[in-house]
**Student:** 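Before I ask anything, here is the structure I am working with.
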Amino acid sequence: MLWIVPTMFGITLLVFTAIRLAPGDPATVMIGISSGGEMREGEDVQARIDAFRYEHALDKSILVQYLGFIGPFNVTPDGHPWFGGSGADPWGGLLALDLGQEFQRKSMPIAEELARRLKVTVPLSLVSTLLIYLFALPAGIYSAVRPGSRRDAVLTVALFVLYSIPTFWAGLMLILAFGAAGLDWLPVLGLHDKDAADLGSWAYAWDTVLHCILPIAALTYGGLAYLSRQMRVGMIEVIRSDYIRTARAKGLSERVVVMKHALRNSLIPVVTLFASILPLLIGGSLIVEVVFDVPGMGRYAFEGLIARDYGIIMATTTFSALMTLVGILLSDIAYALVDPRISYE
Amino acid sequence: MSERAYSKDYWDLVLDQLGRRSLFKLALAVLALLYGTAIYAPLLGSDRPYVLEAVNYEEYGVAQRTLYPVTLSVGRLIRQGREEYEAGLPDDATLDWDGALAAEVDGARHMTRTMRRFLPPAAMGEEDVLAAYLTRVEGAVAAARSGELGAAEALADEAKALAKRIRTEYAASRDAEDGRALVPATSHPLWTSITASEFFFMVLWAFVLAWPLWNRVVNRAVARGDRERVRALRKKKLALVLGVSALAAGLWKVQVDGSMTFDAATFKQGISSGAIVAERAVFPPVPYGFAEMNSGENFRPPTWMANAEIDTEGYYVRGPRVPKVDPVTGFRPPGAPVDERHAEPLRNSEWRHALGTDSVGRDLLVRMLWGGRVSLSVGLVSAVLLVLIGTTIGACAGYFGGRVDLVLSRFMEVVLCFPAFFLILMVVAFTDPSVVSPIIAIVVVIACVRWTGVARLTRGEFLRLREQEFTLAARATGVPTHRIIFRHILPNAIGPILVAGAFSVAAGILTESALSFLGFGVKHPIPSWGSLVNESRSAEHWWIQLFPGLVIFVTVVCYNLVGEAIRDAVDPKMQVQ
């Protein structure tokens, strides 16, 4: 549990240096955007760039900037007097749960917007994780019970194909197939219809569900294929082991053998995979949210990247790293629950 | 066949196993073909002809008309002399007097060469006007350089008279009667545009594609089926193939590369305006350039479809893009007639745009052919780099153990905790394309983020192998550490690393395509499969989303199949038969 703190520290350091080392200056980009992409020399461009840097503390040394991100000091011009600020708002940074303001919408605190976006992304990810485990375990067991049979072969190939589909392409193909251009069964963009605000609460909920089906499908299929392949491999290994042969030899029914003896032991590796499915989902959510125009955290990160907004990018990456770490922690706990031999004394 | 007893070594067994898998062989064949289309993309789809027999009236005319002014300028430079000319130069001038003279002579040479290409030999007369002119110009400049100004001026005057004669008498003629009609000159624009490195891969890939044919023949002929000799032959065959390819590329560099410049855009323009008359032009199967626009045909569906049909005025005949006539005024929006350029398939031919076009009428098929170069090489190169990094770090951690292992393992954990796609996306998005090419940035970043898997694997293998007898024996006999790592342990750990490598290629291709799809990958006009999908997100333009995505998908499936097959084959638990 405690190692989360140093790891988080390492990750923020990594992200921070990665952003700063990469060539490309947000100041020039922002000034370029605000002047309609035209950058003419000789005007007040340099002064405006300097003002922008001053305002967002980009003119300070990189260590001070990092301190400003971690906190607890606010290093911008109205921040703590130690860093040349006016002292109006001395505390800030991650430790004060303050992620700063957006570059473009200056009055918008990033933490607030991020919380709003997470209300979309977290339910989607949770539902999709649930679906992954719900479908992957039976599918893995189903094909592992008789390895090499026809149904195993068909299922394996199907999962293999699923596993190889690029996420963005899957999303686009789902839109083509189920959207207005194809079968016209489901809405494809956004989370609500345009007139959703006028709907009653049941109709509103139903509308949201309809809008979520395709994004969740696009989020789910990759992890599903991955997990059930792992499940199959683990299960086959277990089924070939000696104690299963013993269980069969003493006359237990196939059902009891599979469900009681084999399943528990093959669950162990699959449970730990939770840690690797979560980053998959986070990376996937960015693409899926962009393709389906869902206003979630992934899309927020994408918008931040487009606008070269350090604050948004740091916030979203830190948060997704945190989610990954929590995933690892959860899978460690689950590991101990499933396998009584393991304990974290 | 020799009756000698032989033993199968580990790699013989692995290859045997692989040879039994038809899916593996199929995947390899598809990959070989896909890489083939990328490598041979210029030969399959290009706006340059293989062979061109044409009279370029415009090129000839420009040369013929500018010969006289060039000669005048030579004369003026000589009369002015070095001191006067250089005194009158502005400060930022790049050419001194010698340089200016050399430039003029170069110009004269180039123009006479151009004229000579198209003029029939008979037209130049007994004394060969062009040769006479050129010797006078060169002589005048040489004389002026050595200070004999009198002789130089006399020669320059003679050259001027000849140039005047050339200007009046040798105008471009299309009239066959007077014996001066220009004759077509043969050139090979497509071949000359291929660089030596491209040619290297073309030769190499010819060997690879023909491998099933020559490999068996060579094994029979040289090794006579003897397994020991076949095994010894493997390295020689590899060296031979690489050597021949490199040799061919070297020759290409000397003989062909850069020998001629060719502007395909002006060529096609010249053909349609009549400035160029082509007797024979052999084009590649897809006669479009990967950046060649045709705005009249924007977002045209695949031409084998019914609703891609366009009439002579440029209106769609069927489908959603049929122009709507205003019921009151009868106004119909003006159509854009389709431009049928030289060597292109007919307007409604099924093959005109077999996979449709994009927003500015670029052919999707030719862009996919060229896009494969980026997508496939990014996947491969990033995987190679990633395996190198991962193997090195993993080997260090596993072999040395102790504190080294502790530090490296912690570092791996931190990198592993990170959502890889996020980090890659972030770094690539923040990289300035004018400083670092996006392709290189993507390759390096993927390798720097994704090496942990290979590193963990290698570490595990090294931990296992370093305590085994053969390593202990090597250490006891005083074999140096690096030799133990690279010669004794690594070959035994290479199987799982290869498997991870094959899967990383697939992952690299997926990542690159996702980055390009989001708009952070390669920049225009170079396409990659991912950025092609990004050309339009509208469901109306389904072909733009379907086809490039499909090839990405097929490639990834093939790499995963290959990885899977190798994994099963290198598994020490495999059944030996």
Side-chain angles (χ1 to χ4, degrees), chain A residues 3-4 6-8 10-11 13-15 18-26 157 160-161 163-170 172-173 175-176 179-182 188 275-276 278-284 286-287 290-291 298 301-302 304-306 308 310 313 316-317 320-321 323-325 327-328, chain B residues 23 410-411 413-436 441 445 448-449 506 509-511 513-520 529-530 533-534 537-542 544-546 548-550 552-561 564:
Chain A
W3 54 266
I4 280 197
T7 315
M8 273 315 288
I11 286 174
L13 198 65
L14 203 74
V15 180
I19 294 186
R20 299 304 153 111
L21 280 184
D25 182 358
V157 169
F160 191 84
V161 166
Y163 181 63
S164 306
I165 300 178
T167 312
F168 66 90
W169 193 59
L172 290 171
M173 290 302 110
I175 291 180
L176 279 185
V188 292
S276 49
L278 213 60
L280 216 71
L281 276 180
I282 292 167
L286 195 149
I287 296 171
V290 170
V291 168
F302 179 71
L305 283 172
I306 297 273
R308 289 286 189 281
Y310 283 168
I313 296 161
T316 46
T317 37
S320 49
M323 266 165 72
T324 316
L325 286 180
I328 292 174
Chain B
L23 261 184
R410 283 288 120 184
F411 184 52
E413 268 167 32
V414 172
V415 178
L416 201 70
C417 278
F418 209 84
F421 184 72
F422 243 72
L423 187 60
I424 295 170
L425 181 65
M426 210 178 56
V427 178
V428 172
F430 268 93
T431 305
D432 189 348
S434 58
V435 181
V436 185
V445 174
C448 287
V449 174
I509 290 174
L510 281 179
T511 308
S513 64
L515 287 176
S516 298
F517 169 73
L518 291 174
F520 294 116
W529 289 339
V533 180
N534 196 22
R537 302 244 184 106
S538 162
E540 262 173 57
H541 311 133
W542 54 269
I544 289 179
Q545 297 154 25
L546 178 65
L550 202 61
I552 300 173
F553 167 60
V554 169
T555 317
V556 172
V557 167
C558 286
Y559 266 114
N560 282 339
L561 276 175
E564 192 122 306

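Order of the sequence lines sets the chain letters (A, B, ...), proteins ahead of strands, with each chain counted from 1.
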**Student:** At a 4.5 Å cut-off on heavy atoms, which part of B:Leu546 comes close to chain A: side chain, backbone, both, or neither?
**Tutor:** both
**Student:** Highest number of heavy-atom pairs under 4.5 Å with chain A: which of B:Phe411, B:Tyr559, B:Phe421?
**Tutor:** B:Phe421
**Student:** Given a strict heavy-atom distance threshold of 4.5 Å, which part of A:Thr167 is in contact with chain B: side chain, backbone, both, or neither?
**Tutor:**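 Nothing of A:Thr167, per the 4.5 Å heavy-atom cut-off to chain B.
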**Student:** Less than 4.5 Å to any heavy atom of chain A: does that hold for the side chain of B:Glu564, its backbone, both, or neither?
**Tutor:**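 For B:Glu564, the side chain is the part near chain A, not the backbone.
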**Student:** Counting heavy-atom pairs under 4.5 Å to chain A, which of B:Ile552, B:Leu550, B:Val445, B:Val428 comes out on top?
**Tutor:**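 Greatest number of close heavy-atom pairs with chain A: B:Leu550.
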**Student:** If I measure from the heavy atoms of chain B, does A:Ala321 come under 4.5 Å with its side chain, its backbone, both, or neither?
**Tutor:**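 Looking at A:Ala321, backbone and side chain both touch chain B.
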**Student:** Once you round to the nearest 0.5 Å, how far does CG of A:Leu172 lie from CH2 of B:Trp542?
**Tutor:**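 A:Leu172 atom CG to B:Trp542 atom CH2 measures 14.0 Å (nearest 0.5 Å).
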**Student:** Just verifying a value: how many Å separate B:Met426 CE and A:Thr316 OG1, rounded to the nearest 0.5 Å?
**Tutor:** 8.5 Å
**Student:** Sequence neighbours left out, what passes side-chain contact (heavy atoms from CB on, under 4.5 Å) with A:Ile175? Give chain and number order.
**Tutor:**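 Applying side-chain contact (heavy atoms from CB on, under 4.5 Å) to A:Ile175 gives A:Val188, A:Val291, A:Phe292.
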**Student:** Could you look at A:Ile165 and say if it's the side chain, the backbone, both or neither that has a heavy atom under 4.5 Å from chain B?
**Tutor:**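 When you check distances to chain B, atoms from both the backbone and side chain of A:Ile165 fall under 4.5 Å.
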**Student:** Under the side chain to side chain contact (heavy atoms under 4.5 Å, CB included) criterion, do B:Trp529 and A:Trp169 qualify, and how do the steps go?
**Tutor:** CA-CA 11 Å; B:Trp529 289 339; A:Trp169 193 59; over 6 Å; no
**Student:** Give me the atom names and distance for the closest heavy-atom approach of A:Leu176 to B:Ala539.
**Tutor:**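 Closest approach of A:Leu176 to B:Ala539: CD2-O, 3.4 Å.
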**Student:** Could you tell me whether the side chain of A:Phe168 reaches within less than 4.5 Å of the side chain of B:Leu518, counting heavy atoms only?
**Tutor:** no
**Student:** Side chain, backbone, both or neither: which part of B:Leu561 has an atom under 4.5 Å from a heavy atom of chain A?
**Tutor:**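 Both backbone and side chain.
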**Student:** Does any heavy atom of chain A fall under 4.5 Å from the side chain of B:Phe553, the backbone, both, or neither of them?
**Tutor:** both
**Student:** Quick one: what part of B:Phe520 sits under 4.5 Å from any heavy atom of chain A, side chain, backbone, both or neither?
**Tutor:** side chain
**Student:** Kindly write out the residues that satisfy side-chain contact (heavy atoms from CB on, under 4.5 Å) with B:Asn560, not counting sequence neighbours, or none if the list is empty.
**Tutor:**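 B:Asn560 satisfies side-chain contact (heavy atoms from CB on, under 4.5 Å) with A:Phe160, A:Tyr163, A:Ser164, B:Phe503, B:Ala506, B:Val556 only.
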